[in-house]
Amino acid sequence: MWYEIENEYSTWHFFKDSLVFKIAGNTEEKTEWNANNSKIEFEIPTFYWNSLGKPIDTINKVLIKYRLSDKNDSLFGTLENNYGMHKFSMLKTESYVEYLNQKYGVKFHLPQDNSAKLIETDAIYGLKVFMGISDDKIIAKTELSDNLENLATDIKKFKDSIKPSEQYQIDSHEIMLNRRFHFRVFADKNIPDSTITDFLKITINLKNSELDEHLPERFRGKERDTLPIRIFRIHKSKQKTKPWNMKATEIKTIANNAYNTAVTFGYN
C-alpha cells in the first residue's frame, strides 16, 4: 500500500493485474497499468459536465515519471494527466500510523483506551501534533514545523489554508473555523496527558464570550478573554487508524495554565 505524500487521504494498491486507488476511503478506482523502472502509465474512464449541463465521457491518461529511494519505500517524481503536470510522491507503508512515522520522522506507539470515541469534528480542522521519545527526550513537532516553537504561526498558517468549499459557507466560515479548530495529538503511549498540555500551552484571544453555547460545559459561564484550544489525543483502536476516522479522548485543559498568544484568530 502506498500513501500520497501530498494527500494522505489517497492510497494506491499495486497488483500484478490491476491498480486500485482510493480517495478518503470512499471513491475507489480500478484500472490496468504498465510500468518500467522510470515510469508508470494507466488510463481512467471519467466524465465532465459541459456548459450545457451534458455529461461528456472521456479518458484521463496518466503518466508518472518516478524514481525510487534506495530502500524502495519512497517514490518521487511528477504526475501528468489531462489537467496538467505536478510534483508527485508516495510512501510505502503497512498502516496510516506508520505513514505518519515515516513522513514526519517521529516514532510513536499510540496508547489504547477503550473509552476513546470517534472524533466528530472533521479532520480538516485538526492540526496534527506529533510527540515521540528518543534518547529519553521528547521529540515534538507539528505537521508544519520541526518543533513547537512556532505554534502560533503554525495555527494561523493552518487556518489560512482551509477554504470554504461552497459559496453559502463564506459568511460563516471564520466563525465555524474557530469553533472546529483543534489539535490532533499523536503521542507515544509513554507520554502522559499532562506533558501534552504542558507542550501545548496556547489559547485563542477573544473579544467577547458570545460563543459560550459552543464551548465544552466546563468552560461555559466564565469571564474570559481567551479560549483554550481543544486537544484530542489519538488512540489505537481495533480497526486500523484512518485519517478521516480516528478515535481519541479529549484532554482537559485549564485556561489559567495557558499563555496568551499575540495572534488574534478571528473572534470578533
Side-chain angles (χ1 to χ4, degrees), residues 100 104 106 108 110-111 113 115-132 138-164 169 172-188 191-235 243-244 246-268:
L100 294 176
Y104 296 102
V106 178
F108 55 84
L110 294 177
D113 186 339
S115 65
K117 298 179 180 179
L118 291 175
I119 301 177
E120 295 181 357
T121 306
D122 196 306
I124 66 169
Y125 295 102
L127 175 62
K128 290 189 285 294
V129 177
F130 307 98
M131 293 185 182
I138 293 178
I139 307 299
K141 63 172 64 175
T142 73
E143 59 183 289
L144 299 177
S145 296
D146 288 335
N147 51 56
L148 300 182
E149 295 177 7
N150 303 306
L151 197 54
T153 301
D154 284 355
I155 292 172
K156 186 176 187 308
K157 186 186 300 183
F158 180 81
K159 286 187 172 184
D160 288 345
S161 71
I162 302 174
K163 307 297 181 184
Q169 295 175 336
S172 61
H173 172 65
E174 192 170 357
I175 293 176
M176 296 305 295
L177 177 57
N178 284 303
R179 290 177 187 171
R180 296 176 179 177
F181 175 76
H182 59 279
F183 289 127
R184 294 195 169 205
V185 181
F186 296 81
D188 189 84
I191 298 175
D193 289 355
S194 58
T195 299
I196 293 174
T197 56
D198 192 49
F199 269 79
L200 299 177
K201 286 182 177 179
I202 190 166
T203 59
I204 300 174
N205 286 346
L206 295 175
K207 292 184 178 178
N208 58 51
S209 56
E210 64 182 13
L211 301 178
D212 251 18
E213 70 272 19
H214 302 290
L215 297 176
E217 186 173 352
R218 61 182 177 278
F219 294 131
R220 296 176 190 169
K222 297 181 180 180
E223 293 294 328
R224 74 180 76 80
D225 58 5
T226 60
L227 170 66
I229 296 173
R230 300 181 73 182
I231 301 174
F232 290 97
R233 180 172 190 164
I234 307 301
H235 287 269
W244 61 90
M246 288 186 268
K247 287 192 173 183
T249 53
E250 185 174 0
I251 299 177
K252 293 183 179 181
T253 57
I254 302 175
N256 292 336
N257 288 347
Y259 65 78
N260 298 340
T261 174
V263 182
T264 299
F265 294 110
Y267 282 96
N268 295 307

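The structure presented is a predicted model; accordingly, all values stated were derived computationally and were not measured.
How far CD1 of Ile119 is from CZ of Arg230: 9.5 Å, rounded to the nearest 0.5 Å.
Ser115 approaches Thr249 most closely through the heavy-atom pair OG-CG2, 4.2 Å. Nearest heavy-atom pair across Ala140 and Met131 is CB-CG, 3.9 Å. Pairing each heavy atom of Ile139 with each of Val106, the nearest pair is O-CG1, 4.1 Å.
Within 6.0 Å of CG in Asn147 there are more than 12 heavy atoms belonging to other residues, nucleotides or ligands.
Partners of Tyr125 by ring pair (Phe, Tyr, Trp, His ring centres under 6.0 Å), not counting sequence neighbours: none found. A search for ring pair (Phe, Tyr, Trp, His ring centres under 6.0 Å) contacts involving Phe199 returns nothing, not counting sequence neighbours. Ser145 meets the side-chain contact (heavy atoms from CB on, under 4.5 Å) test with Thr142, Asn150, Asp154; sequence neighbours excluded.
Only one option out of Ile155, Thr153, Leu151, Leu127 pairs with Leu144 in a side-chain contact (heavy atoms from CB on, under 4.5 Å); it is Leu127.
A 4.5 Å side-chain heavy-atom check between Ile231 and Leu200 finds at least one atom pair inside the cut-off. You'll find the side chain of Phe108 stays beyond 4.5 Å of the side chain of Ile191, heavy atoms only. A heavy-atom distance below 4.5 Å is not found between the side chains of Val129 and Phe186.
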Next item on the list: For the pair Arg180 and Asp122, evaluate salt bridge (Lys or Arg N to Asp or Glu O under 4.0 Å) and give the outcome as yes or no after the intermediate values.
Entry: CA-CA 8 Å; Arg180 296 176 179 177; Asp122 196 306; over 6 Å; no

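A donor-acceptor pair under 3.5 Å is formed between the side chain of Glu143 and the backbone N or O of Lys128. A donor-acceptor distance shorter than 3.5 angstrom exists from the side chain of Lys141 to the backbone of Tyr104, with no hydrogens or angles considered.
A donor atom on one side chain and an acceptor atom on the other are not found under 3.5 Å apart for Thr121 and His182.
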